[in-house]
Number of protein chains: 2
Amino acid sequence: MSCESDLTQELRELGFRVTPQRRVILHILLHANGHLTPSEVFALAQESLPGLMETTVYRTLEFLVQTGLAQAAFGSNGKRAYEISDEHHHHLICRQCGKEIEIPHVQLDSLYASLEASTQFKLVHNHITFLGLCAECQ
Amino acid sequence: MSCESDLTQELRELGFRVTPQRRVILHILLHANGHLTPSEVFALAQESLPGLMETTVYRTLEFLVQTGLAQAAFGSNGKRAYEISDEHHHHLICRQCGKEIEIPHVQLDSLYASLEASTQFKLVHNHITFLGLCAECQ
DNA sequence: ATCCTTATTGCAAAAACTTGCAATAAGGAT
DNA sequence: ATCCTTATTGCAAGTTTTTGCAATAAGGAT
Ligand SMILES: [Mn+2]
Ligand SMILES: [Mn+2]
Ligand SMILES: [Zn+2]
Ligand SMILES: [Zn+2]
């Protein structure tokens with residue numbers, strides 16, 4: 001009974017296959033404390049799964065985002081990073097020193113409501129990176 | 001007196017040099033109606049400036065963002081695109097059909113105010129891409 | 001336990017993007 | 001007009017990310 005079993009269960013119920021590659025990558029994301037880049041995931045995953053291709057890591061991470069099990073973040077540098085988080089949140093990063101703050105999604109609730117009202121769109125689970133200057137760097 | 005002269009003037013006042021490459025790329029961005037990818041800019045720029053390198057396009061676009069003359073957008077596919085717009089705005093894209101709506105920044109004013117109050121950060125000119133489902137695709 | 005279907009992976013090649021460094025040329029000084 | 005300084009470009013090489021396709025193996029059926 002490993003820690004990612006509920007997620008693999010969810011995959012199976014959605015009609016997707018549970019492969020060793022997906023298991024390992026889910027395990028890594030679940031135990032990471034922050035965002036991981038594809039090459040970080042690859043380096044870690046390769047330890048338990050020699051022969052794993054970096055291509056597969058890219059595809060699996062994007063697959064997990066499509067299914068809603070993982071979230072992608074676009075850092076200030078434009079590079080992608082991934083995480084699994086049960087809290088819908090966003091980020092605010094200081095463009096000068098890189099300090100990062102997490103923004104609970106509840107702070108965007110009224111924005112979302114007004115956007116949905118004015119556009120007729122239904123917003124999905126976004127994971128936004130705001131840039132700014134922290135108190136020290138201003 | 002070409003159309004990008006005021007921007008090249010601004011560059012010069014900031015202490016940067018005005019090169020044919022920067023002129024051409026500014027001209028292209030000013031006449032584009034939407035976002036352009038680096039390779040689109042490259043293809044157009046090469047017509048007036050044979051010998052131009054793609055590297056230079058990447059560097060120039062990023063340079064224009066740093067100086068605040070251009071804005072970068074991270075589309076739903078994660079690929080970068082650039083534009084010059086005098087209106088601070090954001091985007092809302094349908095994850096299903098790709099339909100895209102522009103969101104005037106004024107709709108985020110109160111969010112920005114509340115984020116600045118709660119975090120002590122000063123937010124900068126962000127150019128955010130929200131994802132959702134349009135009325136038809138829901 | 002074996003077979004089937006086809007989703008998923010490995011592998012190779014391409015495309016997108018970045019970096020380092022020597023050659024060039026913009027803009028200021030003479 | 002010529003010279004100087006050094007920001008900027010071209011060029012080559014490297015890294016990151018995407019794509020196509022044949023080989024593999026997950027999961028359901030027999
Ligand atoms: Mn996050
Ligand atoms: Mn835009
Ligand atoms: Zn800071
Ligand atoms: Zn749609």
Side-chain angles (χ1 to χ4, degrees), chain A residues 2 4-5 7-28 35-46 48-67 69-70 72-82, chain B residues 2 4-5 7-28 35-46 48-67 69-70 72-82:
Chain A
S2 74
E4 68 274 13
S5 52
L7 291 181
T8 61
Q9 191 52 36
E10 194 171 333
L11 277 186
R12 209 175 269 114
E13 279 160 14
L14 288 167
F16 298 111
R17 295 182 183 175
V18 175
T19 65
Q21 293 86 346
R22 287 178 177 170
R23 255 186 232 285
V24 167
I25 290 171
L26 278 172
H27 184 86
I28 288 168
H35 301 169
L36 292 178
T37 65
S39 53
E40 287 169 335
V41 172
F42 175 59
L44 292 167
Q46 227 181 6
S48 10
L49 213 68
L52 173 69
M53 292 281 102
E54 202 158 10
T55 302
T56 303
V57 173
Y58 279 99
R59 271 194 286 228
T60 302
L61 289 170
E62 210 37 51
F63 163 80
L64 292 174
V65 171
Q66 298 317 30
T67 61
L69 296 193
F74 292 95
S76 35
N77 51 13
K79 294 212 183 313
R80 242 169 289 199
Y82 296 83
Chain B
S2 74
E4 68 273 13
S5 52
L7 291 181
T8 61
Q9 191 52 37
E10 195 171 334
L11 277 186
R12 210 176 268 114
E13 278 160 13
L14 288 167
F16 297 111
R17 294 182 183 176
V18 175
T19 64
Q21 292 86 347
R22 287 179 177 170
R23 256 186 233 284
V24 168
I25 291 172
L26 279 172
H27 184 86
I28 288 167
H35 300 170
L36 293 177
T37 65
S39 53
E40 288 168 335
V41 172
F42 175 58
L44 292 167
Q46 227 181 7
S48 11
L49 213 67
L52 173 70
M53 292 281 101
E54 203 159 8
T55 303
T56 302
V57 173
Y58 279 100
R59 273 194 286 227
T60 301
L61 290 170
E62 210 38 51
F63 163 80
L64 292 174
V65 171
Q66 297 317 34
T67 61
L69 297 193
F74 294 96
S76 35
N77 53 11
K79 295 212 185 313
R80 242 169 288 202
Y82 295 83

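Quick note on labels: first sequence line is chain A, next is B, and so on, each numbered from 1.
A straight line from CZ of A:R59 to C1' of D:dT16 spans 15 Å, rounded to a whole angstrom. Rounded to whole Å, the distance from CZ on B:R17 to P on C:dA25 is 12 Å. Residue A:F42 contributes atom CZ, which lies 12 Å from atom C1' of D:dT16 at whole-angstrom precision. Distance, A:N77 CG to C:dA16 P: 20 Å, rounded to whole Å. Spacing between atom CZ of B:R22 and atom C1' of D:dT9 amounts to 10 Å, rounded to whole angstrom units. Between the P atom of D:dT18 and the CD atom of A:E62 lies a distance of 7 Å, rounded to the nearest Å. The nearest whole Å value for the distance from the CZ atom in A:F63 to the P atom in C:dA7 is 12 Å. Rounded to whole Å, the distance from CD on A:Q21 to P on C:dA7 is 17 Å.
Across residues 49-58 of chain B, B:G51, B:L52, B:M53, B:T55, B:T56 each have a non-hydrogen atom less than 4.0 Å from an atom of DNA chain D (numbered order).
Taking the six-membered ring where tryptophan is involved, the planes of B:F74 and A:F74 are essentially parallel, since the angle between them stays under 30° and well short of 60°.
Here C:dT9 is the nucleotide among C:dC17, C:dT9, D:dT6 with the atom lying nearest to any side-chain atom of A:T60.
A:L44 CG to A:L52 CG: the interatomic distance, rounded to the nearest 0.5 Å, is 11.0 Å.
Look at C:dG27: its Watson-Crick or wobble partner, with both distances under 3.5 angstrom, is D:dC4. When Watson-Crick and G-U wobble pairs are counted only if both distances are under 3.5 Å, C:dA12 pairs with D:dT19.
For B:R22 (side chain) and B:R17 (main-chain N/O), a donor-acceptor pair under 3.5 Å exists by modelled atom type.
Of all non-hydrogen atoms in B:T8 and B:V18, the two that sit nearest each other are O-CG2, 3.5 Å. Nearest heavy atoms, B:L36 versus B:V41: CB-CG2, 3.7 Å. Nearest heavy atom pair, residue A:E54 against residue A:S39, reads OE2-CB, 3.8 Å.
Toward the 5′ end of DNA chain C lies the nearest nucleotide of B:R80, the other residue of the pair B:P20 and B:R80 mapping further downstream.
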Does the pair B:F42 and B:Q46 meet the rule for a side chain to side chain contact (heavy atoms under 4.5 Å, CB included), with working shown?
CA-CA 6 Å; B:F42 175 58; B:Q46 227 181 7; 3.3 Å; yes
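At a threshold of 4.0 angstrom between heavy atoms, the contacts of A:F16 are confined to the sugar-phosphate backbone, with no base atom among them.
Distances shorter than 4.0 Å separate some side-chain N or O of A:T19 from OP1 or OP2 on C:dT9.
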